[in-house]
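A quick write-up on the structure given underneath.
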Amino acid sequence: MIDHSKPKHYALTMLPYPSGDLHIGHWYAMAPSDVRARYMRMRGYNVLFPMGFDAFGLPAENAAIQRGIHPHKWTMSNIERMRRQLKSMGAMFDWEREAISCLPGYYRWTQWFFLKLYDMGLAYRKKSPVDFCPKCNTTLAREQVWGEDRHCERCGTPVIKKELEQWFWRITDYAEELLDFSKIDWPERVVTMQTNWIGRSEGANVTFLSEQEDPIIVFTTRPDTLWGATFMVLAPEHPLVDKLTTPGHREEVEEYKYQAARQSEIERLSTEKEKTGVFIGAYAVNPVNDERIPIWIADYVMMTYGTGAIMAVPSHDERDFEFALKFGLPIIPVIDRPDGVAKSFVMQGTMKDGFADALTEAGIPFEEREGSLYVTMDRSQVERYIALAQAHVQPGSWIEVVGTGWAFIFADEVIPFDGVEAEQKILARCKELEPAVHDKRTVMEMLWGVEFYRDVLFHAEYGTMINSGPFTGTPGDVAVKKVIEWLEERGIGEFAVNYRLRDWLISRQRYWGAPIPIVYCDKCGVVPVPYEDLPVILPPDAVIPPTGENALKYHEGFLHTTWPKCGGPATRETDTMDTFVCSSWYHYAYLSPYYKEGEPAHADSTPFDPDEAAYWLPVDVYTGGVEHATMHLIYTRFFTKAMRDMGLVDFDEPMLMLRNQGIILAEDGFRMSKSRGNVVAPDDLVERYGADTVRGYLMFGWRWEQGGPWDPHGIEGVYRWLHRVWNLVLEPGQSASQRVSEPTEKEVADLRRWTHKTIKRVTDDMEAFAFNTIISALMEFTNALQKAKQTSLYGTEAWDEAIETLLLLLAPCCPHIAEELWARTGRPYSIHLQPWPEYNPDLAAEEVITLVVQVNGRVRARLEVPADITEEAAREAALSDPNVQRHIAGKEVRKVIYVPGRLVNVVV
RNA sequence: GGGGAAGUGUCGGAAUGGGCAGACGAGCGUGACUUAGGAUCACGUGGGGCAACCCGUGCGGGUUCGAGUCCCGCCUUCCCCA
């Protein structure tokens, strides 16, 4: 049936969720994609352009609760309506390949993939926190948690986090490979988003020990700052928290954990938010210097990042700095400032006379305000400054140098600020001399009080290590590497790569999804359903409880089963799979929907027809919204890589080219939504203007990748244009018999130039997804043809070529009107099976060009000259133009710049 | 706070290997046809000036014979991340 000698083109547009009605946004995404699919077909490709429905998901259950309709019935009737609406678009969708993800013939293969991943060790079960409503006694999906206070969508009860056993897929095994985009042509934006999402960082895992010798592993990208780690922070959920918390702190810790569990990740990580945390009473030992450091818990540390514990280096990590300042924890600088800036504030009365003069003499810059000195110096001046300061400081006072060369200068000694011990000593002496600082808990807190110092107290850059025992003096560019080597030698740490990407949590505590094919056997434990027993059918008679709880948990028939291997009683897993699982492989399902339905599956089955796959895969062009950049588009890449490792496919990437369309907003500039009542209904537009006009307008009105607000007037322009095209082709013009004269050679050449120029423009724009300029090129061509129709060109061969070309170029965009005009002008069915017109560069070439003549870069003349004009002739013509003459009169021509075929610029 | 994209007439938007800014359309204006027009057709439409010309692509600099386009700094909006 398909001529396999022709090249193939698999064009795919993201499948819709069957929400009820087709939205103008669906049209905006799909119609231009269809235009391109049709274009490729005319270019001689066999084109696969399928459509289906992402049919599992939460709204179906909400409808069931609110209106008493079963999710299956609700979904299928929505699909029926949307399918009808989709057909009104006039897209070339191959409906024979339609795939609906909630049908058993589809989801048994979704389950089959689960079993394969399970066999490969890529699926595992782990405790993980989920949002849970204590009143409804159910877990909630992310979109069911509302508002700043995170309350339950249904009953308004504040949501809590609850630890549940859930299924994960090891997408992190592929993290490194997912960072490689060399085999795909995807928008830079998506590549960047995915790269950030995966978030690879290099550093070290370092083992700290609690005083009870519990190992606490932390990941750090800055092992060079280890000597500045003055405390540790664990995520409130960290498993060691309970064990390490001392009785006196237990109550406070429990209270804090409860608070933290109620917050969302975004809130917890916000840098805007005031830092919170509590000390758990326990201490750890910093393995590099054996310092005893306190252990805190704080919500800015996430269990999901790294190991859920951090070493806090307040001197060189912004969040740690803020935290330490607030809670009075020591802050010891261990990396020198790369800029070498040092500051010293000299309060009036702390120094003997002559200090300012001594500084001037030494060339150390300072400002004097109200008797106090504000000294800002560079590294080379610090030593000299300290000496001068010590010589001049009054016995009852002190001054300090901060930023670089950190030191506290007293008349009798200089104490370098180089560690916790020094910190204690400095604090004690200062408090003795100055009662105003009695409440300062740390040196840094004291310094922070001086406004002048604030910009040099903290930095997060790489630099020479200081105050770091044996590493002091190690330059910043090798520090990380050297420290890691040293840690490895001593067995207290090792090089490590950390990813922000987490394993994919696929468990959903919902009814309307593909059941996870696992049973819990009383004897054998967690066991997979045999491949042959798939699908695990979602019981159609399940009753959705009004709370929204998972109906499967209450369906006795579903719940109780036997494990065939031992014949013993077993309970089914009641979690279903994330709908992103269904959509991760739908482009394979389209090849042969519901493949081998009714036949048992096996471990070595393929979920799709291998012959179809061999011909069509992979997807050549994928179009859809950029909002899927970090979810669906990562999951589907992971899926394909896993399928490759199962031996199902022999390529690495599912979609070779990706292009994103923007979003059509409502007329008011807001997102269209039923609640706002600003939705544009495509059905109404189709009824009023016809599908071709709607398609044309969606192409013409916006930059496709950008989108923008709907403009109800703009569509009229496209409507009028198509009317003009209709009349242009069908209304009789001056007929050949009445022709007063034959067209001149020039007239014919001009018309053919229009024709071939337009072919080139439209073809180039098709390749570039520049749909708006396709329509404007066709409009301009139409305008030119309307003028030509008034002349003796009408009815000539060149005229017929022009009309035929117009219709062919129009065919992908406005398939109905193009077909109709094609038929009415006596051409053979179907226009859509015609080859795309060929562009002839010789015919498109201009004979006459407009030569722009500038004097000093300003346009002074426009000359019509032959396109092949020589440089000499062009210069001569330019210089002899009267207006040009006028502007260069009395001035010396210094230079004449000639851009062939474009302009002459006379410089005077 | 970090990263990315974008700022062009009244509006949607054209034009980037630097070379006629505002294509095409909407809107508006004038005219024609018409009993009528929210139909159709024609013409006009960045600002200033009678004109020659001058000024104009978020703001300020720079490179260049020449900058919407390249470089530096800033402002605004949107998106992503924290």
Side-chain angles (χ1 to χ4, degrees), chain A residues 187-199 201 265-273 300 302 305 317-319 322 460 500-501 625-631 660 662-665 667 669 671 693 696-724 726-727 731 757-758 761-762 765 770-784 786-787 790 849-864 882-883 886-887 893-908:
Chain A
E188 200 52 46
R189 190 157 54 132
V190 175
V191 170
T192 306
M193 278 192 218
Q194 293 207 350
T195 305
N196 292 340
W197 187 260
I198 294 164
S201 51
E265 226 171 272
I266 292 156
E267 287 166 336
R268 284 179 56 166
L269 293 169
S270 167
T271 44
E272 250 92 285
K273 203 183 78 152
Y300 76 94
M302 308 297 301
Y305 178 83
D317 178 279
E318 200 176 346
R319 287 187 300 190
E322 218 180 294
R500 210 187 70 98
L501 181 73
V626 74
E627 64 272 19
H628 293 107
T630 53
M631 306 285 273
N660 301 120
I663 297 170
I664 292 296
L665 303 170
E667 207 179 326
R671 267 186 115 92
T693 300
Y697 181 49
L698 289 171
M699 291 173 71
F700 179 64
W702 301 265
R703 293 217 291 246
W704 191 60
E705 69 284 2
Q706 205 168 294
W710 177 255
D711 176 2
H713 301 295
I715 195 168
E716 298 278 351
V718 176
Y719 187 60
R720 293 201 276 253
W721 165 59
L722 288 176
H723 267 275
R724 291 206 305 276
W726 183 270
N727 292 333
E731 290 292 315
K757 246 169 54 179
T758 307
R761 287 173 70 182
V762 172
D765 288 347
F771 301 105
N772 55 346
T773 46
I774 289 173
I775 300 296
S776 52
L778 292 176
M779 283 174 167
E780 283 184 69
F781 190 35
T782 306
N783 294 346
Q786 276 188 311
K787 289 208 177 73
Q790 313 301 319
I849 53 150
T850 306
L851 186 71
V852 174
V853 185
Q854 299 180 330
V855 177
N856 285 348
R858 290 174 185 277
V859 179
R860 298 302 178 188
R862 295 190 173 102
L863 307 174
E864 297 291 312
N883 200 37
R886 210 163 59 78
H887 280 94
V893 175
R894 293 194 357 238
K895 210 196 291 184
V896 178
I897 285 140
Y898 175 63
V899 182
R902 286 187 187 272
L903 68 76
V904 175
N905 189 12
V906 183
V907 186
V908 295

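The structure presented is a predicted model; accordingly, all values stated were derived computationally and were not measured. Chain naming here is simple, since letters A, B, ... match the order of the sequence lines and numbering starts at 1 in each.
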Using atom C1' in both nucleotides, what's the gap between B/U8 and B/U16 to the nearest angstrom? 13 Å
At under 4.0 Å, does any side-chain N or O of A/Asn783 touch on OP1 or OP2 of B/G25? yes
Exactly one of A/Thr773, A/Asp765, A/Ile774 clears side-chain contact (heavy atoms from CB on, under 4.5 Å) with A/Met699, and that residue is A/Ile774
### Query
Which part of the nucleic acid, if any, lies within contact of A/Asn772, taking any heavy atom under 4.0 Å across all strands shown: a base, the sugar-phosphate backbone alone, or nothing?
sugar-phosphate
Given B/C53, is OP1 or OP2 found less than 4.0 Å from the side-chain N or O atoms of A/Asn883? yes
Pairing string of RNA chain B (Watson-Crick or G-U wobble, both atom distances under 3.5 Å; | = paired to other strand) is (((((((..(((......[....)))((((((.......))))))(((....)))..(((((..]....)))))))))))).
Discussion item. Between B/A14 and B/G22, how many Å separate the two C1' atoms, rounded to a whole number?
Written reply: 7 Å
**Prompt:** Looking only at side-chain N and O atoms, does A/Arg860 come under 4.0 Å of OP1 or OP2 in B/C54?
**Reply:** yes
Exercise for the section: Verify the contact: side-chain N or O of A/Arg858 to OP1 or OP2 of B/C55, cut-off strictly under 4.0 Å; return yes or no. Expected result: yes
### Distance test, side-chain N/O of A/Arg724 to OP1/OP2 of B/G25, below 4.0 Å
yes
- So, is A/Arg720 near the phosphate of B/G27, with a side-chain N or O under 4.0 Å from OP1 or OP2? yes
| said: Less than 4.0 angstrom between a side-chain N/O of A/Arg761 and OP1 or OP2 of B/A23, yes or no? | reply: no
Whole-Å distance, A/His723 NE2 to B/A39 C1', equals 10 Å
